[in-house]
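Worksheet for the structure shown next.
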Amino acid sequence: MSFNVEPDENYLRWHIADKVNMRYLAYNKCITSSPVKLPSSMGVLWNLQTIYIEREIEAPPEIWEMRQLKHVTIWGLHLHDPPSQSRGQQEDVFVLQNLQTLRSVINFVWSEEACKRVVNVRKLSIYYDDDSKWSIKDYSLYAIGKYLHKLERLQFFLFRSDNVLQKLTFPSSLKKLHLRNCKIHLEGLTVIGSLPNLEVLKLSRLSARESAVWNPVEGEFLRLKFLLILDINLVKWNADNSHFPVLEKLFLVALEKLEEIPLDIGEIPTLGLIQVNYCSEPAAISAMKIAEEQENNGNEELQVRVTFNRKAKLESFREKMKQLDDHIDFTRNNFHVGTL
């Protein structure tokens with residue numbers, strides 16, 4: 001069953017349980033208001049497998065009894081703690097064995113008991129906002145790495161000032177990780193680099209130390225193919241081709257303090273794209289040098305793209321490059337520069 005503009009949220013709240021044989025529920029009327037509280041009667045939807053709702057929802061405790069659920073995507077899901085097991089109940093009565101996707105859970109305590117109920121989840125998105133009354137240490141984030149051994153994709157958005165890498169643990173099964181709005185120490189990224197199956201890493205709007213330096217360690221990020229670094233006060237990045245040996249795509253966005261993109265990055269044999277958007281002029285210059293060096297070495301696969309957010313910055317970059325090299329060629333095949 002799919003709703004667009006109609007019915008309204010009252011229908012969603014009071015008549016959702018009328019379709020007892022429903023397998024798919026979609027509701028895409030997104031209104032900024034308080035969360036809709038779904039009725040406990042939704043627990044009778046024994047056959048429901050997929051929920052997609054584009055607004056904040058407060059789910060009843062009965063959602064833990066809906067054991068056919070496979071994919072739950074809600075734009076702000078408020079969950080109650082799973083009910084305690086009563087004496088005489090089957091051990092798996094509240095275990096969602098079929099659940100593979102759970103997005104986007106807000107301010108939830110990931111206790112050991114809660115993690116045991118979703119042990120087969122593969123895609124998980126969790127958020128903690130400023131309205132949360134607890135410190136991040138109270139959310140039992142260590143249990144995620146301890147129990148969710150099939151987890152492959154994790155999005156963790158934290159609109160607070162806590163150092164998340166001190167609290168959150170990751171299962172070795174993880175393939176894709178997105179950290180956003182978190183406070184981190186860049187040396188702590190070695191925890192992430194040691195994940196044996198990690199292929200995609202997105203670091204967005206992280207709060208690092210002043211004059212932050214990232215020193216990757218050889219032997220880490222061995223399977224990483226995609227790296228995004230967005231809006232971090234990264235100043236020095238001391239990396240070379242041994243640190244990301246199979247990297248295919250590198251996106252650097254809004255790194256206004258970055259002094260240089262390491263030239264050795266261009267030596268990664270699998271690297272096909274370096275995208276530099278709205279970064280510092282020195283970062284753009286080093287990207288140009290990487291493109292020039294790789295083309296001169298016969299590397300026809302690597303493409304380097306630089307984008308500025310203002311035309312004045314683009315012109316300044318062009319003038320600076322001409323001062324550095326009278327023979328600079330902005331039309332070379334592997335380098336593209338412009339504005340958006």
Side-chain angles (χ1 to χ4, degrees), residues 178-186 189 201-216 224-241 243-244 247-340:
H178 187 182
L179 298 179
R180 180 177 179 181
N181 288 90
C182 305
K183 178 182 179 182
I184 65 168
H185 299 319
L186 291 177
L189 289 177
L201 176 60
K202 299 178 180 180
L203 304 173
S204 304
R205 296 186 171 90
L206 304 186
S207 175
R209 295 174 176 174
E210 290 293 327
S211 302
V213 178
W214 184 13
N215 296 305
L224 194 69
K225 297 179 180 179
F226 180 101
L227 175 60
L228 165 68
I229 308 175
L230 185 154
D231 194 11
I232 301 176
N233 60 324
L234 178 63
V235 178
K236 292 182 181 293
W237 187 22
N238 299 319
D240 59 41
N241 58 346
H243 293 134
F244 307 94
L247 191 66
E248 297 176 359
K249 295 181 179 180
L250 172 63
F251 285 76
L252 304 176
V253 183
L255 303 182
E256 298 179 352
K257 298 181 180 180
L258 184 61
E259 295 180 353
E260 183 184 48
I261 303 172
L263 296 182
D264 278 357
I265 288 291
E267 298 294 334
I268 299 174
T270 54
L271 190 61
L273 174 64
I274 299 177
Q275 181 78 46
V276 181
N277 293 347
Y278 321 139
C279 291
S280 65
E281 189 172 80
I285 291 173
S286 58
M288 179 70 185
K289 290 180 178 179
I290 290 173
E292 184 178 31
E293 181 178 277
Q294 291 305 306
E295 187 174 75
N296 292 338
N297 291 340
N299 183 353
E300 299 180 355
E301 301 299 323
L302 178 61
Q303 294 292 310
V304 179
R305 300 171 183 169
V306 175
T307 301
F308 294 94
N309 55 2
R310 294 203 303 270
K311 187 176 180 179
K313 289 188 175 182
L314 172 60
E315 295 305 319
S316 173
F317 168 75
R318 289 181 181 274
E319 288 300 318
K320 184 66 66 67
M321 292 305 301
K322 289 178 180 179
Q323 294 173 13
L324 293 175
D325 188 347
D326 291 336
H327 304 288
I328 199 71
D329 182 9
F330 287 102
T331 64
R332 60 175 63 247
N333 293 328
N334 70 338
F335 183 76
H336 308 272
V337 60
T339 59
L340 284 181

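Basis for what follows: all heavy atoms, side chains included, without hydrogens, waters or symmetry-related copies. What you see is a predicted model, and the numbers here were worked out from it, not measured in a lab.
- No donor-acceptor contact under 3.5 angstrom links the side chains of Asp264 and Asn241, judged on distance only.
- In terms of heavy-atom proximity, Asn333 sits nearest to His336 at O-NE2, 3.4 Å.
- A distance-only check finds a donor-acceptor pair linking the side chain of Thr270 to the backbone of Leu247 [under 3.5 Å].
- More than 12 heavy atoms of other residues, nucleotides or ligands shown are found within 6.0 angstrom of CD on Glu315.
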Quick one, Trp237 with Leu252, criterion side-chain contact (heavy atoms from CB on, under 4.5 Å). Give me CA distance, side-chain angles, the key distance, then yes/no.
CA-CA 12 Å; Trp237 187 22; Leu252 304 176; 4.2 Å; yes
For Glu281 and Lys313: C-alpha separation, side-chain torsions, deciding distance, then whether salt bridge (Lys or Arg N to Asp or Glu O under 4.0 Å) applies.
CA-CA 8 Å; Glu281 189 172 80; Lys313 289 188 175 182; over 6 Å; no
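- In summary, of the residues considered (Leu230, Asp231, Leu179), a side-chain contact (heavy atoms from CB on, under 4.5 Å) with Leu206 occurs for Leu179 alone.
- Asn334 contributes no side-chain N or O that, together with a main-chain N or O of Gln303, makes up a donor-acceptor pair within less than 3.5 Å.
- Asn233 places none of its side-chain heavy atoms less than 4.5 Å from the side chain of Glu256.
- Distance alone, capped at 3.5 Å, places no donor-acceptor pair between the Ser316 side chain and the Ala312 backbone.
- Atom CG of Leu227 is separated from atom CG of Leu203 by 6.5 Å, given to the nearest 0.5 angstrom.
- Side-chain contact between Pro282 and Glu260: absent, with no pair of heavy atoms (C-beta onward) separated by less than 4.5 Å.
- The aromatic rings of Phe244 and Trp214 lie perpendicular to each other, with more than 60° between the two planes, well past the 30° mark.
- Side-chain contact between Arg305 and Leu273: present, with at least one pair of heavy atoms (C-beta onward) separated by less than 4.5 Å.
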Evaluate the side-chain contact (heavy atoms from CB on, under 4.5 Å) criterion for residues Phe226 and Leu201: first the C-alpha distance (whole Å), next the side-chain angles of each, then the deciding distance (0.1 Å), finally the verdict.
CA-CA 6 Å; Phe226 180 101; Leu201 176 60; over 6 Å; no
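- The shortest heavy-atom contact between Thr307 and Gln275 is OG1-NE2, 3.7 Å.
- A side-chain contact (heavy atoms from CB on, under 4.5 Å) with Ser280 is found for exactly one of Ile261, Ile285, Leu258, Val235, namely Leu258.
- Looking at Asn297 and Glu295, their side chains never bring a donor and an acceptor atom within 3.5 Å of each other.
- The minimum heavy-atom distance linking Lys249 with Leu271 is given by the pair N-CD1, 4.0 Å.
- Ile265 is listed as a side-chain neighbour of Leu250, based on a closest heavy-atom distance under 4.5 Å.
- In this structure, CG in Leu224 is found 13.0 Å from NE2 in His243, a value given to the nearest 0.5 Å.
- Rounded to the nearest 0.5 angstrom, Leu186 CG and Ile229 CD1 are separated by 9.0 Å.
- When all heavy atoms of Gln294 and Leu302 are compared, the pair lying nearest together is CG-CD2, 3.7 Å.
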Run the side-chain contact (heavy atoms from CB on, under 4.5 Å) test on Met288 and Val304 for me, step by step, so that the C-alpha distance in whole Å, both residues' side-chain angles and the decisive distance to 0.1 Å come before the verdict.
CA-CA 7 Å; Met288 179 70 185; Val304 179; over 6 Å; no
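- Within the 4.5 Å cutoff, the side chain of Phe335 has heavy atoms near those of the Val306 side chain.
- Checked against the 6.0 Å centroid threshold, Phe317 and Phe308 count as a close aromatic pair.
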Passes side-chain contact (heavy atoms from CB on, under 4.5 Å), Val253 versus Leu228? Steps please.
CA-CA 8 Å; Val253 183; Leu228 165 68; 4.0 Å; yes
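- In this structure, Pro262 and Asn238 have side chains that are not in contact, with every pair of non-hydrogen atoms separated by 4.5 Å or more.
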